[in-house]
2 protein chains.
Amino acid sequence: MHLVGQQVVDGATTDDATAHCRAMGYILDRVGDKWTIMAVGALSLGPMRFNEMMRKIGGVSHRMLTLTLRGLEREGLVTRTAYATIPPKVEYELTDLGRSLITPLTALADWAHQNRPAMEAARARYDAKV
Amino acid sequence: MHLVGQQVVDGATTDDATAHCRAMGYILDRVGDKWTIMAVGALSLGPMRFNEMMRKIGGVSHRMLTLTLRGLEREGLVTRTAYATIPPKVEYELTDLGRSLITPLTALADWAHQNRPAMEAARARYDAKV
DNA sequence: CGGGATCCTCCAAGATACTG
DNA sequence: CAGTATCTTGGAGGATCCCG
């Protein structure tokens, strides 16, 4: 086997695996942080205003939510609609792309929900030993 | 409606949604960082030694991989087996729990792989406007 | 080879305050 | 109400060195 410009460590599946890893690395850098996920989670309930999101998410600072939403807008996962009323009103909504993220995210959330007890038990065991 | 110890913000679905969010928040704090995901991805190929993982993942520092693996071990997702040989040899392997994480992670990776072009296009559009 | 300890840097993110 | 700017700091993470 001879692949140019790519290191084959231990088999044919390696390049697939690294490609996978790179895809993950990419997405994690973009939408992998806590607030981003929380924001998508909140918006999965429907369009929402800024302060509504703040309350829904909880614990997020004004500034971080703004930055997070800018990021999501930039990546094309969220649309921002400002109404020139007084007081101003801004609604955020998931795009189709954003909505398509809900499914795999929900799968992960379900996993988290189901296996959290197991992880907590494991951690308790680990900490008890040390 | 009267729920003790749980804040109901604006409706019946809120607690479900927030429960989901909390589950996500929890898992993201534990296994949401880049290196953790990469490590699980690497180990999904099979048991592996420390330096092997370093090479496979790429760009991870000695220290961070150690910390990451300790974390995974603590959460019960990875087992660590040290052989008292000279030179020492340490093998890491996913537990059943760890392996169960592969499925939802793969779903996310697939999403990333499929939608990365769309996200890059959206970003280019966004950046062009500003 | 793998793990730990130490030091150091730098940036993510909170707090605060001001504008439209 | 929503957004931006500035300041400040805690801690994540890299580099390095030494141990078993």
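First the proteins, then the strands, lettered A, B, ... as listed; each starts at 1.
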Atom pair distance, as rounded to whole Å: CZ in B:Arg55 and C1' in C:dC1:
11 Å
Any side-chain heavy-atom pair of A:Asp29 and B:Lys34 under 4.5 Å
yes
Roughly how far, to the nearest 0.5 Å, is the OG1 atom of A:Thr68 from the OH atom of A:Tyr92?
10.5 Å
B:Arg63 side chain N/O closer than 4.0 Å to the phosphate oxygens (OP1, OP2) of D:dA15?
no
Atom pair CD/OG1 of A:Glu93 and A:Thr81 - distance to nearest 0.5 Å:
7.0 Å
Of the listed nucleotides (C:dG4, D:dG3, D:dG14), which one gets closest to any side-chain atom of B:Thr66?
C:dG4
Specify the separation, in whole Å, of atom CG of A:Asp33 and atom P of C:dG14.
11 Å
In whole Å, I'd like the distance from the CG atom of A:Asn51 to the P atom of D:dG3.
9 Å
Residue pair A:Val60/B:Arg49 against DNA chain C: nearer the 5' end by closest nucleotide is B:Arg49
Which range-with-range stems can be found for DNA chain D when each stem has 3 or more Watson-Crick or G-U pairs in a row and both distances sit under 3.5 Å?
C:1-20 with D:1-20
Would the distance check show the side chain of A:Arg99 and the main-chain N or O of A:Leu94 forming a donor-acceptor pair, the cut-off being under 3.5 Å?
yes
Expressed in angstrom and rounded to an integer, what is the separation of B:Met64 atom CE from D:dA12 atom C1'?
7 Å
Minimum heavy-atom distance between B:Val31 and B:Ile37, given as atom pair plus value:
O-CD1, 3.1 Å
So, does A:Tyr92 get its side chain near the phosphate of D:dG3, meaning an N or O under 4.0 Å from OP1 or OP2?
yes
Give the residues of residues 83-91 of chain B touching DNA chain D, defined as any heavy atom closer than 4.0 Å, sorted by residue number.
B:Pro88
Proximal nucleotide (of D:dG14, C:dG3, D:dA2) relative to the A:Phe50 side chain
D:dA2
Spell out, as yes or no, whether a donor-acceptor pair under 3.5 Å connects the side chain of B:Trp35 to the backbone of B:Val60.
no
I need the NE2-P distance between B:His62 and C:dT6, as an integer number of Å.
16 Å
Which parts of residues 67-82 of chain A get close to DNA chain D, meaning a heavy atom less than 4.0 angstrom away?
A:Arg70, A:Arg80
In the structure I gave you, are the side-chain heavy atoms of A:Leu97 and A:Glu75 within less than 4.5 Å of one another anywhere?
no
Taking the side chain as C-beta and beyond, is there a heavy-atom pair between B:Val90 and B:Arg49 under 4.5 Å?
no
Rounded to whole Å, the CG-P distance (B:Asp29 to D:dG11) equals 14 Å
N/O donor-acceptor pair under 3.5 Å between A:Thr95 side chain and A:Gly76 backbone:
yes
Over all heavy atoms of both residues, which pair between A:Ala42 and A:Lys56 is shortest? Give the atoms and the distance, please.
CB-CG, 4.2 Å
Closest non-hydrogen contact found for A:Leu45 with A:Met48 is CB-CE, 4.3 Å
